[in-house]
Amino acid sequence: MKMMNITPSNINQVTYSLKELQDIFSAMNSSIIVAITDRTGKITFVNDHFCKISKYTREELLGQDHRLLNSGFHPKSFFREMWKTIGKGEMWNGEVCNRAKDGGLYWVKTTIFPFLDDFGKPYQYIAIRVDITAQKDLKKITHIAYQDELTGLPNRRKLDQRLEYELHQSRCTGKKFALFFIDVNRFKNINDGLGHIIGDMFLVEMAERLRNVDYTSNSIYRHNSDEFVMILNDVDRIEEKAREIINVFNESFIVDTYEFSASISMGISIFPDHANSIEALLKNADTAMYAAKSTRGNQYRLYRPNLDEINNQWLLLETKLHQALRRDSLELHYQPKINLKTNKMTGMEALLRWYDPELGQMSPDRFIPFAEECRLINDIGVWVLRKASAQARAWNEIHNLNLRVAVNISPIHISTPGFAAMVQEVIAETKIDPHFLEIEITEMSMLDYTEDLINTINQLRALGITISIDDFGTGYSSLNYLKTFPVDVLKIDRAFVQDIVPEKSGIAMISAMISLAHALNLQVVAEGVEEEAELNVLREHGCDFVQGYFFSKPLSVEAFTQLIVDSCM
Ligand code: C2E
Ligand code: CA
Ligand code: CA
């Protein structure tokens with residue numbers, strides 16, 4: 001009987017006959033999976049457990065090589081390396097994913113011992129395997145449990161672990177770390193306006209951009225829907241990192257067919273300077289984030305103890321706006337719109353004004369986004385519509401005029417179910433002729449192609465209301481909606497009017513916009529006309545209406561009444 005040496009050293013020098021080995025392995029009633037192959041890899045022996053796990057019979061296995069079990073999981077180089085090692089007579093260790101006869105995958109921790117002949121060349125291999133499928137699955141489950149499904153970032157659970165670790169480290173070493181709380185401004189507008197699929201795609205893109213800021217340290221976490229957290233160990237770099245993150249949002253987002261800009265608010269707190277527990281650290285970063293938000297878009301704030309006070313002020317602002325609405329202390333100003341063919345005023349835009357005795361004069365640019373955020377915008381919209389309609393009807397009746405009043409409606413409001421019915425009620429209540437009512441909606445509202453929105457617009461137009469697209473040309477590059485949407489008027493944003501003089505390319509742009517609008521049977525209003533030279537260019541290129549300081553600033557009801565009286569004389 002031929003005797004053989006088994007290498008390497010742990011079982012070195014022990015000599016067994018093949019038969020003896022096979023007997024040992026067969027007798028071993030354990031979970032160990034054993035196979036013996038010849039020099040070329042052909043299977044010459046398998047134990048029962050091998051058959052059990054691979055679901056092949058012994059007959060099916062003998063004479064085959066291990067490629068029978070190939071799962072396709074490992075690259076070819078994996079097995080090449082293995083063969084290189086055992087071919088040299090060295091032991092090989094590794095974790096291998098195999099495929100059973102029924103197609104199921106299983107993982108085995110594998111050790112292969114070469115049997116060497118008298119010349120030191122392997123002529124036979126013995127492979128001993130242990131089933132580790134359960135551990136592998138566990139690992140996979142663990143991975144999923146700690147990973148955010150949408151963005152692939154580590155999730156909140158993982159963040160908790162990390163924070164506990166950092167807290168411990170910090171307490172031991174005295175080193176500080178910072179927590180950045182990042183929140184998308186008005187994410188709801190993206191989600192409600194463009195649909196949650198676009199919202200999701202935006203978040204994925206955003207996560208990718210954040211990951212790029214933090215490419216080395218794996219420290220960005222998805223905390224909640226549109227909230228992200230970053231951990232920074234080098235607190236000297238807080239400002240630099242905060243800027244980097246803010247800069248990420250300078251570039252607009254292109255999601256599906258939409259292009260839009262987004263901004264974030266960010267709050268930062270430092271352990272242990274600002275908190276002595278994880279909860280407090282998160283809460284204070286959140287407080288700082290709110291403070292950043294109240295100062296409007298794309299800002300960051302480091303936590304300070306009196307920030308709570310600032311946030312209380314925000315709450316105060318909300319309360320005050322509520323009150324102003326209830327007590328009817330908001331005001332509308334009116335800016336004339338001039339027909340360039342007749343040089344006559346044909347209507348006016350109602351613009352909201354809010355004066356608070358404590359806070360002073362608040363610009364709509366400041367409080368409208370705030371009202372959208374705290375959901376007061378719908379009530380405000382109804383108030384404006386009612387007030388402006390009643391006022392326009394009164395002017396037209398008293399002075400025997402045909403002025404059309406334009407009201408700005410937030411995208412959030414117009415997408416609210418029942419909007420058209422509400423407008424109808426206001427018309428009935430104020431008795432305005434709907435032909436003297438115009439609704440201005442920004443391009444943002446147009447981006448969501450839902451049937452509901454088209455229906456709303458159709459209903460409004462069926463009543464005789466004019467629909468115009470406000471701020472045309474700003475930010476959104478999808479022109480498709482112009483073909484799809486039943487609108488009447490395009491309002492070219494002031495930014496383009498400003499570009500007319502003295503720059504010639506601005507003229508080409510305006511001219512193109514006017515031609516486009518006319519080709520689509522839309523009338524054109526140019527906003528923010530301040531100079532005669534601008535007016536002349538607009539007239540020359542066939543613009544229908546203008547609005548701007550050149551003719552008049554927005555006027556109070558009294559001043560506008562005076563304007564009417566003066567121009568009637
Ligand atoms: P908008 O709808 O684009 O209104 C035009 C803004 O440009 C007004 O600012 C107006 O005062 C200003 N403007 C008019 N002519 C000129 C000009 O020749 N030069 C310059 N530099 N500016 C001019 P305002 O009143 O501060 O309103 C700002 C924005 O707030 C509005 O922009 C509109 O988006 C929003 N807003 C105003 N009132 C309401 C409202 O009742 N509801 C809603 N949802 N938004 C409103
Ligand atoms: Ca407007
Ligand atoms: Ca505008």
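Atoms within each ligand, like the ligands themselves, are counted from 1 in listed order. Keep in mind that this is a model prediction, so the values were computed, not measured.
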Just wondering, is there an N, O or S atom on Asn408 that's nearer than 3.0 Å to the Ca ion (ligand 2)?
yes
So is Arg353 in contact with ligand 1, going by heavy-atom distances below 4.0 Å?
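The answer is yes, since Arg353 has a heavy atom less than 4.0 Å from ligand 1.
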With a 4.0 Å cut-off on heavy atoms, is Glu349 in contact with ligand 1?
yes
Below 30° counts as parallel, above 60° as perpendicular, anything between as tilted: where do the rings of His223 and Phe181 land?
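His223 and Phe181: perpendicular rings.
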Looking at the rings of Tyr334 and Trp395, which for Trp means the six-membered one, are their centres under 6.0 Å apart?
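Close enough - the centres of the two rings lie under 6.0 Å apart.
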Rounded to 10°, how many degrees is the angle OE1/Glu440-the Ca ion (ligand 2)-OD2/Asp470?
90°
Heavy-atom pairs closer than 4.0 Å: do any link ligand 1 to the side chain of Ile368, the backbone, both, or neither?
side chain
Atoms in ligand 1 with a heavy atom of Pro554 nearer than 4.0 Å:
11 (O)
To the nearest 10°, how many degrees is the angle Glu527 OE2 to the Ca ion (ligand 3) to Asp471 OD1?
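Seen from the Ca ion (ligand 3), OE2 and OD1 are separated by roughly 160°.
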Lys188 versus Asp226: any side-chain heavy-atom pair under 4.5 Å?
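Sidechains of Asp226 and Lys188: no contact.
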Pairing donors with acceptors under 3.5 angstrom, does anything connect the side chains of His518 and Asp544?
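Yes - a donor-acceptor pair under 3.5 Å links their side chains.
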For the residue pair Asp566 / Gln562, report whether a side-chain donor-acceptor contact shorter than 3.5 Å exists.
yes
